Amino acid sequence: MKICIVGCGALGSVFAAHLARLEDIEVYAYDVSLEHVQAIRQRGLRVSGAAEFSVNLHATLEARDIPPCEFGIFATKSTHTRVAVSQTRHIFGNSGAVCSVQNGLGNEEIIAGRVKHVIRGATTLAAHLIAPGLAGFEFYSDLWMGPFEPSGIPHSTVAQLAQILNRAGLRAVAMLDARGAQWTKLIFNSAVNPVGALTRLHHGAAARFAPTGELYEAVLCEGEAVAKALGITLYGDPRKMVAEGAAAPLKRNVSMLQDVIAQRATEVDFMNGAIADIGEQLGVPVPLNRAIWRLMKGLEHSWADPA
């Protein structure tokens with residue numbers, strides 16, 4: 001069986017490396033980083049942290065070099081989904097199934113515009129690139145997976161991919177409805193990511209500092225109200241996720257802060273922007289999410305040195 005990882009950055013590398021340990025799975029990694037792809041080709045892909053091992057797999061900068069695959073895992077930044085799926089859709093055709101493990105809302109809809117079978121996924125597994133060809137991650141966490149309802153994908157296909165991921169040493173949970181898990185992660189991210197990005201505080205510091213900790217809580221409440229209006233029951237408490245992240249021994253910058261430091265486009269449209277759009281459509285007050293979205297868009301605009 002062939003599986004393609006689309007976006008083999010930090011998170012994608014963790015998935016790719018675990019899957020490549022299975023003798024009956026052939027893993028292809030598509031990424032746009034020349035240094036990362038070259039390092040994987042020359043020395044293999046290494047992971048460090050919660051597990052230590054290295055593997056060999058097929059890494060490429062050219063999507064056209066990848067043969068048809070039964071499964072795909074999308075791990076790009078949400079801002080890159082549209083381009084990535086346009087480049088890789090031929091890999092999956094009408095029979096392959098693609099699972100998004102990305103942040104925010106809207107990725108599955110974009111993928112489903114080009115790929116027939118789509119799986120909704122959400123995970124709190126945090127990873128970072130230590131160097132080209134070397135990904136670090138601190139702990140294993142669940143990957144919640146369920147059918148992306150409009151695509152009509154059977155649950156048996158979701159269960160099949162979950163079984164493969166579990167054999168690879170990951171923790172996949174096949175669900176009939178993964179929206180609650182996705183929204184739990186979304187609400188968590190809508191608080192910790194932009195607050196960290198705007199204040200430049202690491203996760204633990206922002207949680208423990210009263211003004212930002214109170215802002216966390218207020219943003220969480222807005223997201224919960226929108227989920228309730230949609231009839232979505234959350235899968236866990238995002239406050240527990242905030243507390244677990246804050247208790248980590250390392251000073252961990254959230255991904256949106258890393259983007260701000262590098263002056264890269266952030267995923268705020270897919271997080272706070274998405275919550276604000278839906279809340280306003282439903283008549284649910286979301287002033288904080290809208291204000292955060294505006295502040296982040298203004299910060300991004302500043303990097304262009306506007307007149």
Side-chain angles (χ1 to χ4, degrees), residues 3 5-7 9-22 25 27 47-51 53 71-76 78 97-105 107-108 118-128 135-149 153 155-193 203 220 223-224 227 232-250 252 254-255 267 270-271:
I3 298 179
I5 310 300
V6 180
L11 183 60
S13 290
V14 173
F15 280 94
H18 280 79
L19 287 166
R21 296 194 296 184
L22 298 176
I25 301 295
V27 177
V47 295
S48 179
F53 63 93
F71 286 106
I73 295 176
F74 258 68
T76 68
S78 300
V98 170
C99 177
S100 167
V101 296
Q102 300 158 281
N103 284 330
L105 294 180
N107 290 293
E108 291 87 358
V118 181
I119 297 171
R120 188 191 301 275
T123 183
T124 56
L125 194 156
H128 59 282
F137 74 115
E138 297 170 23
F139 54 85
Y140 285 96
S141 63
D142 290 343
L143 166 61
W144 303 289
M145 306 163 54
F148 177 59
E149 300 78 8
I153 186 171
H155 184 263
S156 58
T157 304
V158 179
Q160 182 184 10
L161 179 57
Q163 183 182 44
I164 293 168
L165 291 166
N166 286 327
R167 284 200 295 117
L170 295 166
R171 288 168 31 186
V173 180
M175 310 174 75
L176 293 174
D177 185 350
R179 290 177 300 167
Q182 185 180 46
W183 268 82
T184 303
K185 181 188 175 185
L186 168 68
I187 293 169
F188 160 79
N189 272 329
S190 73
V192 301
N193 262 287
H203 185 157
L220 294 177
E224 289 171 332
I232 293 173
T233 301
L234 297 185
Y235 190 78
D237 186 350
R239 291 165 188 78
K240 181 179 178 181
M241 297 166 67
V242 170
E244 289 173 348
L250 298 178
R252 187 171 61 204
V254 293
S255 61
E267 296 177 303
F270 296 83
M271 297 181 189

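Here the structure is a predicted model, which is why all the values come from computation and not from measurement.
Listed by chain and number, the residues in a side chain to side chain donor-acceptor pair (under 3.5 Å) with R179 are D177 (sequence neighbours excluded). Under the side chain to side chain contact (heavy atoms under 4.5 Å, CB included) criterion, A172 pairs with M145, A162, L165, N166, not counting sequence neighbours. Evaluation of the ring-ring contact (aromatic ring centres under 6.0 Å, His included) rule for W183 yields no partner, not counting sequence neighbours.
Rounding to the nearest 0.5 Å gives a distance of 12.0 Å between CZ of R21 and CZ of R167. Interatomic distance, CG of L170 versus CG of L143, reported as 8.0 Å (0.5 Å rounding). A distance of 12.0 Å separates OG in S156 from CG in L161, rounded to the nearest 0.5 Å. Rounded to the nearest 0.5 Å, atoms CG (L176) and CD (E149) are 10.5 Å apart. A distance of 5.0 Å separates OG of S255 from CE of M271, quoted to the nearest 0.5 Å. The CZ atom of F270 sits 8.5 Å away from the CD atom of Q102 when rounded to the nearest 0.5 Å.
Side chains of L125 and F137 form a contact here, defined as non-hydrogen atoms less than 4.5 Å apart. Counting heavy atoms from C-beta on, the side chains of F71 and T157 come closer than 4.5 Å.
Listed here is the closest heavy atom pair of G146 and I119: O-CG2, 3.4 Å. Annotation for C99 and G121: closest pair SG-CA, 4.2 Å, computed over non-hydrogen atoms. Of all the heavy atoms in L186 and G104, the pair that sits closest is CD1-CA, 3.9 Å. Closest approach of S13 to V47, counting heavy atoms only: O-CG1, 4.2 Å. When all heavy atoms of P238 and L220 are compared, the closest pair comes out as CB-CD2, 4.0 Å. For A50 against E138, the heavy-atom pair with the smallest separation is CB-O, 3.7 Å.
Side chain of D142 to main chain of W144: no donor-acceptor pair is present (N/O by atom type, distance under 3.5 Å, no hydrogens or angles). Between the S100 side chain and the R120 main chain, no donor and acceptor come within less than 3.5 Å of each other. Checked by atom type and distance alone, the side chain of K185 pairs as donor or acceptor with a backbone atom of T123 at under 3.5 Å.
For the pairing with F74, the side-chain contact (heavy atoms from CB on, under 4.5 Å) check across I5, V6, V101, V118 returns one residue only, V6.
In this pair, H18 and Y140 present their aromatic rings perpendicular. The plane angle is above 60°, beyond the 30 to 60° band.
One side chain, E108 or Q182, offers a donor N or O that lies under 3.5 Å from an acceptor on the other. A donor and an acceptor atom, one from each side chain of S78 and E267, are located under 3.5 Å apart.
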